[in-house]
Amino acid sequence: MKHACRKVSRLASDALDRKLSPLERLRLHFHLLLCVNCRNFRSSLQRLHETFEHIRSVQAHELKLTKDQRRRLLMELERKLGD
Amino acid sequence: MPDIRHTAEGWLEEHGDHLYRFAMLRVRDPEVALDLVQETLLAAWQGRDRFRGSSSLRTWLVGILKHKITDHIRREIRDRELGKAVENDPSSMFFKADGSWNENQHAWKEDPEILCRNHQFRGVLEDCLERLPDKQQKVFMLREMAGEATDAVCKICNITPTHAHVLLHRARLALRKCLEINWLGKGNSS
Ligand SMILES: [Zn+2]
């Protein structure tokens, strides 16, 4: 089974971005049953993925224009559109 | 003719943070994000007659910004690929020739909800993202930081889905490794 880890790690990653085919799902889950390394890898990827989901929601409050950036933007707009 | 100062100020006041955040999540660089917001407001001002009010002003502004971001990302990918071979396959760093793992993989015990509010972790994560090869970083940022769907990522970067999956896979392998060394390896594991 070991030879398949590289490919299975790809499937575990793909699963976060697209729907796997039934055959791919079968391959993935069959391998996971037998391979603790890939099981651990997949659960870490899922945690990382979830962490980014949470980061997206907290960033709605964190990422803002500073006063200085705002002032610079306004000055530039006035300069370019001014007269 | 409406007063520029008044209008631009109003737009900035109302939508500036939103536009800036939208750009930052996709391009990472504050200066670039600021430029893109500026270009967007300029274009919006110049094309204000075309805004019909059928969508909200914010949706219209974001639509303009999206185009600016796409142009920027494609230009960067194009510029940096000139004179540079294909990003090499890093999988030998993680897998033996027979396709098995180089080293044992450990499960993470961290709770994502707590992790996302940990400033130290966020710092390490930023450093690790910064170290990703260019194209991987761009694709990964769009997918995970901005939360774009894979087909949207492909459209923005002008790449095939297969290519996107390869890049995302590599980025995750590298990011996970980097976090393990610089975060979990430093005794931060709970
Ligand atoms: Zn395996």
Side-chain angles (χ1 to χ4, degrees), chain A residues 1-20 31 35-83, chain B residues 4-5 8-9 11-13 16-17 19-21 24-25 30 34 37-38 41-42 45-46 91 94-96 98-101 103-117 121-122 125 143-147 149-150 153 161 164-166 168-173 175-176 179-180:
Chain A
M1 274 325 288
K2 284 222 155 154
H3 64 282
C5 295
R6 185 208 304 252
K7 282 177 182 160
V8 166
S9 76
R10 167 71 190 275
L11 285 179
S13 171
D14 279 18
L16 300 172
D17 308 310
R18 68 179 175 91
K19 201 168 160 26
L20 299 183
H31 182 94
C35 180
V36 67
N37 279 331
C38 285
R39 257 196 325 269
N40 288 343
F41 177 74
R42 188 184 68 147
S43 81
S44 304
L45 278 202
Q46 282 174 331
R47 292 214 172 203
L48 189 62
H49 187 68
E50 278 171 44
T51 304
F52 276 106
E53 276 171 9
H54 287 293
I55 288 176
R56 283 204 291 280
S57 63
V58 297
Q59 258 179 345
H61 310 283
E62 287 173 353
L63 268 178
K64 286 193 169 88
L65 284 165
T66 63
K67 264 207 181 99
D68 181 56
Q69 285 176 319
R70 210 174 264 275
R71 193 181 46 79
R72 273 168 55 204
L73 262 178
L74 206 57
M75 268 169 46
E76 272 302 299
L77 288 176
E78 277 178 25
R79 196 174 63 76
K80 294 216 163 113
L81 300 168
D83 22 49
Chain B
I4 291 159
R5 188 180 168 88
E9 231 173 322
W11 285 355
L12 253 188
E13 190 60 44
D17 284 338
L19 295 174
Y20 179 69
R21 189 180 312 129
M24 266 302 278
L25 291 177
L34 207 58
V37 172
Q38 183 187 313
L41 293 175
L42 278 171
W45 173 260
Q46 279 151 356
S91 62
F94 305 98
F95 300 98
K96 300 191 186 112
D98 68 359
S100 62
W101 291 99
E103 41 189 55
N104 282 338
Q105 303 295 304
H106 308 286
W108 288 8
K109 305 270 184 286
E110 270 77 7
D111 180 349
E113 214 167 326
I114 295 167
L115 219 45
C116 77
R117 291 172 198 282
F121 171 79
R122 292 282 297 277
L125 182 61
R143 176 72 189 102
E144 294 282 31
M145 215 59 164
T150 314
V153 175
H165 292 306
V166 168
L168 287 167
H169 178 222
R170 289 178 184 176
R172 289 188 176 113
L173 281 167
L175 206 58
R176 180 176 181 281
L179 287 171
E180 234 169 51

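Protein chains get the first letters and strands the later ones, always in sequence-line order, with residue 1 at the start of each. Just so we're clear, the structure is a prediction, and the values are computed from it rather than from any experiment.
Using a 4.5 Å cut-off between heavy atoms, B/Phe94 makes no contact with chain A at all. In this structure, the portion of B/Ala146 lying under 4.5 Å from any heavy atom of chain A is its backbone and not its side chain. For chain A, the nearby part of B/Leu179 is the side chain; its heavy atoms alone come within less than 4.5 Å. Proximity to chain A is limited to the backbone of B/His106, based on heavy atoms less than 4.5 angstrom apart. With a 4.5 angstrom heavy-atom cutoff, B/Val166 touches chain A via backbone and side-chain atoms both. Proximity to chain B (any heavy atom under 4.5 Å) is restricted, for A/Arg72, to the side chain, taken from C-beta onward. Only the side chain of B/Leu175 comes within less than 4.5 Å of a heavy atom of chain A; its backbone N, CA, C and O stay farther away. Using a 4.5 Å cut-off between heavy atoms, B/Gln46 touches chain A through its side chain atoms alone.
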Note to self: Could you go through A/Leu16 and B/Leu168, starting from their C-alpha distance and side-chain angles, then the distance that decides it, and tell me whether this counts as side chain to side chain contact (heavy atoms under 4.5 Å, CB included)?
What the structure shows: CA-CA 10 Å; A/Leu16 300 172; B/Leu168 287 167; over 6 Å; no
Note to self: Assess the residue pair A/Phe52 and B/Leu125 against the criterion (side chain to side chain contact (heavy atoms under 4.5 Å, CB included)); give the C-alpha distance rounded to whole Å, side-chain angles, the decisive distance to 0.1 Å, and a yes or no.
What the structure shows: CA-CA 10 Å; A/Phe52 276 106; B/Leu125 182 61; 4.0 Å; yes
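No donor-acceptor pair under 3.5 Å is formed between the side chain of B/Arg176 and the backbone N or O of A/Leu45. Remark: the backbone N or O of A/Ser13 is paired with a side-chain donor or acceptor of B/Arg172 at under 3.5 angstrom. The closest donor-acceptor contact from the side chain of B/Asp17 to the backbone of A/Leu65 lies under 3.5 Å.
Between chain A and the residues B/Met145, B/Lys96, B/Met24, B/Glu103, the largest count of heavy-atom pairs under 4.5 Å involves B/Met145. Between chain B and the residues A/Asp17, A/Val36, A/Val8, A/Asp14, the largest count of heavy-atom pairs under 4.5 Å involves A/Asp17. Options A/Cys38, A/Ser43, A/Ala12 differ in how many heavy-atom pairs under 4.5 Å they form with chain B, and the most are formed by A/Cys38. Options B/Val37, B/Asn104, B/Val153 differ in how many heavy-atom pairs under 4.5 Å they form with chain A, and the most are formed by B/Asn104.
Evaluation of the side chain to side chain donor-acceptor pair (under 3.5 Å) test over residues 50-60 of chain A, restricted to residues two or more places apart or in two chains, returns none.
Between A/Ser9 and B/His169, the side chains place a donor N or O and an acceptor N or O closer than 3.5 Å (distance only, hydrogens not considered). Counting only N and O atoms by type, the side chains of B/Thr150 and A/Arg18 include no donor and acceptor under 3.5 Å apart.
For the ring pair (Phe, Tyr, Trp, His ring centres under 6.0 Å) test, residues two or more places apart in sequence or in another chain that qualify with A/Phe41 are B/Trp101.
In this structure, A/Met75 CE and B/Gln38 CD are separated by 10.5 Å, a value rounded to the nearest 0.5 Å. Atoms CZ and CD1, from B/Arg117 and A/Ile55 in turn, are 10.5 Å apart once rounded to the nearest 0.5 Å. Rounding to the nearest 0.5 angstrom, the gap separating the CD atom in B/Glu110 from the OG atom in A/Ser44 is 9.5 Å.
Annotation: side chain of B/Tyr20 is not in contact with side chain of A/Lys64 (no heavy-atom distance under 4.5 Å). In this structure, B/Pro30 and A/Gln69 have side chains that are in contact, with non-hydrogen atoms separated by less than 4.5 Å. Contact check for A/Arg70 versus B/Glu13: side-chain heavy atoms found under the 4.5 Å cut-off.
Here the shortest heavy-atom pairing between A/Asn40 and B/Gln105 reads ND2-O, 2.8 Å.
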